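Reviewing the structure listed below.
Throughout, a chain's letter reflects where its sequence line sits, starting with A, and its residues are numbered from 1. Remember, it's a predicted structure, so these values are computed and weren't measured experimentally. In what follows, every heavy atom counts, from backbone to side chain, and hydrogens, waters and symmetry copies are set aside.
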4 protein chains.
Amino acid sequence: MQRRIPSPPSPPARGGRPRSAAADEAILAATREVLVEAGWSGLRLGEVASRAGVAKTTLYRRWPGKSELVVDAVAVLFDELELPDSGSLASDVSAVVLQFAALLERPETRTSLMAVVAESTRDEALRRRIGSAIVDRQKRLVVEGRARAQGRGEIPPDADPVAATRNTDLVFDVIAGTVVHRALVSAQPVDADWAERLALLLVTGIGGTA
Amino acid sequence: MQRRIPSPPSPPARGGRPRSAAADEAILAATREVLVEAGWSGLRLGEVASRAGVAKTTLYRRWPGKSELVVDAVAVLFDELELPDSGSLASDVSAVVLQFAALLERPETRTSLMAVVAESTRDEALRRRIGSAIVDRQKRLVVEGRARAQGRGEIPPDADPVAATRNTDLVFDVIAGTVVHRALVSAQPVDADWAERLALLLVTGIGGTA
Amino acid sequence: MQRRIPSPPSPPARGGRPRSAAADEAILAATREVLVEAGWSGLRLGEVASRAGVAKTTLYRRWPGKSELVVDAVAVLFDELELPDSGSLASDVSAVVLQFAALLERPETRTSLMAVVAESTRDEALRRRIGSAIVDRQKRLVVEGRARAQGRGEIPPDADPVAATRNTDLVFDVIAGTVVHRALVSAQPVDADWAERLALLLVTGIGGTA
Amino acid sequence: MQRRIPSPPSPPARGGRPRSAAADEAILAATREVLVEAGWSGLRLGEVASRAGVAKTTLYRRWPGKSELVVDAVAVLFDELELPDSGSLASDVSAVVLQFAALLERPETRTSLMAVVAESTRDEALRRRIGSAIVDRQKRLVVEGRARAQGRGEIPPDADPVAATRNTDLVFDVIAGTVVHRALVSAQPVDADWAERLALLLVTGIGGTA
DNA sequence: TGCTAACCGAGACGGTACGTCCCGTCTTGCG
DNA sequence: CGCAAGACGGGACGTACCGTCTCGGTTAGCA
């Protein structure tokens, strides 16, 4: 598990009173709190500021808007995902699927993840922020899982680094996309049974259940 | 390809002037138009109404809000998806993936699909509307593809109807979720090469690319 | 006391189904009813129509708008004013003042009389309607009172008809205007004591109270 | 002639940006301007705000509604009334009557005075605002006129302060009410001749013209 | 220790869109 | 053809937030 500070874009800060560091965390915590209570579309930056004991201007000095603030507020939650070495590729997949689903059950993420993705379709800077703060950081799970599976001989080693990246990205899209779709679009439960069936599908292919 | 009328929730309308049927379609068309130009967050219902040549009240009489309107406006686009019989399961998958990706490239869907899903996480009625107007309707593609593959002997027949539904739902979540994630979250192109690699993964499993 | 039907401007009614006469009175009664409950600014013509068991179109076919409807609805109440012969000019004035004040205490008149007068400042037709339906009809009280006082020798006979009209109009403006101002602007009670003091002032002049 | 600032109900304003004082006057001036052009029922607060170069919210932050705004906008005009010492009670009355009538000829007052009075019949707070901002302030004219007449010996001195107030109020209701009724209800001109006849009536009583 | 620049809270500001309300008109089918 | 019913185009409402701006006051770091 990694540690990271979202670090809003602060200027070099040459003279004068420095920005309060405590305010940052108070704002992010207040953001998560309001997200839980009111959801994405009910998130008011004035309310966040007042809960954080901070003026609206202070908030706007550090984040350009709602989307960026929420990305930073939520990103840290994703760093809690871990890949246990459970002995087989299928059970590793199953385990990480269940963890990810649990994260998507939390109201902060459930209500805001798709919202910021939606915003990002018209905002390239936001898309990059999501990529670096959330998506790319979690590819480590796939990289690690593939390495272990290769070590066990469950899957062949990579032909070359390019193919390795391509395969990692593909598997990441499949796992993350499928879980999100199940949880948020189909709105069906992600339980151990479903996780195992997904893992089996990924390991053996559609026809492999025979 | 199916035909359907989204049919906003109209009361039985016993007496009085009947609702204009033309207004419905004009409103939905204007909605798509504004979505293309301004995106989800730039969609103003007043603007939609005025483009449709309709009063704002007429719009609100038929749809409770932005989300529901957009679901109905966009749903019809999904009915254009078709499953060509291309001779093999892998190429059927690849073909439908490319079609779905092309749909997600359209600005109307690209910008609004995730937005309504995000809203639906706090609005059960909206979630059901998305389910019935968009999601469930497209499962036909998976049902048909599986039937063909079974006919060809590529995959075993279903043990029982319950298992058939479960498998259909799983495969649908995998394909739709993966394409959405690739296109909107990872923001990488869905080209023929990627589509084939995804299809191969699904048919043969993670280890099968060796 | 007179009897009158306000008679909205009905066309000659040549062919077809004739207008329901009962509807007229139902509409006026409903208007008074809603005025009592909601006041002038809370008076909705749709509400009036529905209380009268009538369609909005029926109402608009008979009255051009809210102001005209209210004038007709309220005018009839003024016809209940009477001038008792109480033996002296001062007590006649006092009696009619109290009657008029009682009328202004009724919510229908209290809330709507000044409102239609206000509207009439920019609507000449409305002003004439108020004049003929309400104001001019009540000048009879002053005419009668003056005649009696002249009969008693309390005031001199009129020099000529022009002067008679001028004096009648002046006295009418003084009495009606003063009572309205006391009741609605100063918002002080019009009781017997005040009525007598006003009557005394009018009969003997400002200095006469000594 | 007095000076006064209508002073909308502003909170003590301890911290934060202070309210713009210039905005107040701009809003009141714009209100009078729109009243002249469109009248009471054509007065749109959005239009007032935009003419004042102010956001609608700024206006609503300071006045609760149309009626209160108009009272404050119009009140200042009444402060221009003056009581010239013309040598006799009758001519003093006549002079103030003509001034008051001239004020009622102005479109801003003509169209709005009765309207706010009508509103005030169902709004006690509004009634008090009218009382303190307009009515009570002008009683000074009667107080002054009575004092002069007493100085000249035209009317007897007051027996006691209570009687003085009662007489002042009565005379005020008579003069103001009569002029308003003549100008707005009867809709007849208030010229020098009529003013003198009214003054004579008040000084000598109904029978006194003999 | 005292200056000073950037910070801070509070909250008013111009602005935009909202969703509602009611207007007065029109379009139905029934009697 | 009048009528009840009710949808229609239209326009103003008063509210909610936005993101910016002005205040007076605080606080660190340099002199």
Between the protein and nucleotides 20-25 of chain F, list every N/O to N/O distance that falls short of 3.5 Å.
unit_1, atom_1, unit_2, atom_2, d
F:dC21, O2, D:Arg17, NH1, 3.2

Any chance you could lay out the side-chain contact (heavy atoms from CB on, under 4.5 Å) test for A:Trp63 and A:Leu45, step after step, and finish with the verdict? CA-CA 11 Å; A:Trp63 285 276; A:Leu45 296 198; over 6 Å; no
Would C:Glu47 and C:Lys66 count as a salt bridge (Lys or Arg N to Asp or Glu O under 4.0 Å) here? Give the steps. CA-CA 12 Å; C:Glu47 174 67 13; C:Lys66 180 166 160 170; over 6 Å; no
Test D:Val76 against D:Leu28 for side-chain contact (heavy atoms from CB on, under 4.5 Å), laying out the working first. CA-CA 10 Å; D:Val76 67; D:Leu28 294 175; over 6 Å; no
In whole angstrom, give the distance that lies between atom [atom1] of [X] and atom [atom2] of [N].
| X | N | atom1 | atom2 | result |
| --- | --- | --- | --- | --- |
| D:Glu68 | F:dG14 | CD | P | 10 Å |
| D:Glu47 | F:dC13 | CD | P | 10 Å |
| A:Ile27 | E:dG9 | CD1 | C1' | 13 Å |
| B:Arg62 | F:dA7 | CZ | P | 9 Å |
| B:Arg51 | F:dG10 | CZ | P | 16 Å |
| C:Leu59 | F:dA4 | CG | C1' | 13 Å |
| C:Leu43 | E:dC21 | CG | P | 17 Å |

Determine, step by step, whether A:Arg127 and A:Glu68 satisfy the salt bridge (Lys or Arg N to Asp or Glu O under 4.0 Å) criterion, reporting the C-alpha distance in whole Å, the side-chain angles of both residues, the deciding distance to 0.1 Å, and the verdict. CA-CA 10 Å; A:Arg127 204 199 55 66; A:Glu68 292 82 359; over 6 Å; no
Think C:Arg44 has a side-chain N or O under 4.0 angstrom from the OP1 or OP2 of E:dG24? no
Just how far is it from atom CG of B:Leu69 to atom CG of B:Leu43, taken to the nearest 0.5 Å?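 Going from the CG atom of B:Leu69 to the CG atom of B:Leu43 covers 7.0 Å.
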Going from CD1 on D:Ile130 to CG on D:Leu113, what distance comes out if it is rounded to the nearest 0.5 angstrom? 7.5 Å
Closer to the 5' end of DNA chain E via nearest nucleotide, is it D:Ala23 or B:Gly65?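 Between the two, 5'-proximity favours D:Ala23.
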Want to settle it: does A:Thr58 or C:Lys66 sit nearer the 5' end of DNA chain E, counting the closest nucleotide to each? A:Thr58
Any idea which of F:dG14, E:dG24, F:dA7 is nearest the D:Leu45 side chain?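 Among F:dG14, E:dG24, F:dA7, the one nearest the side chain of D:Leu45 is F:dG14.
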Less than 4.0 angstrom from a charged side-chain N to a carboxylate O is my criterion; do D:Arg129 and D:Glu124 meet it? no
So, C:Glu119 and D:Arg110, do they make that salt bridge, N to O below 4.0 Å?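 No, this pair does not count.
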What residues in residues 108-121 of chain C put a non-hydrogen atom under 4.0 Å from any atom of DNA chain F?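 Residues of residues 108-121 of chain C that come under 4.0 Å of DNA chain F do not exist, since none gets that close.
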Quick one: do B:Glu37 and B:Arg51 satisfy salt bridge (Lys or Arg N to Asp or Glu O under 4.0 Å)? Show the steps, please. CA-CA 13 Å; B:Glu37 295 173 22; B:Arg51 295 228 197 168; 2.6 Å; yes
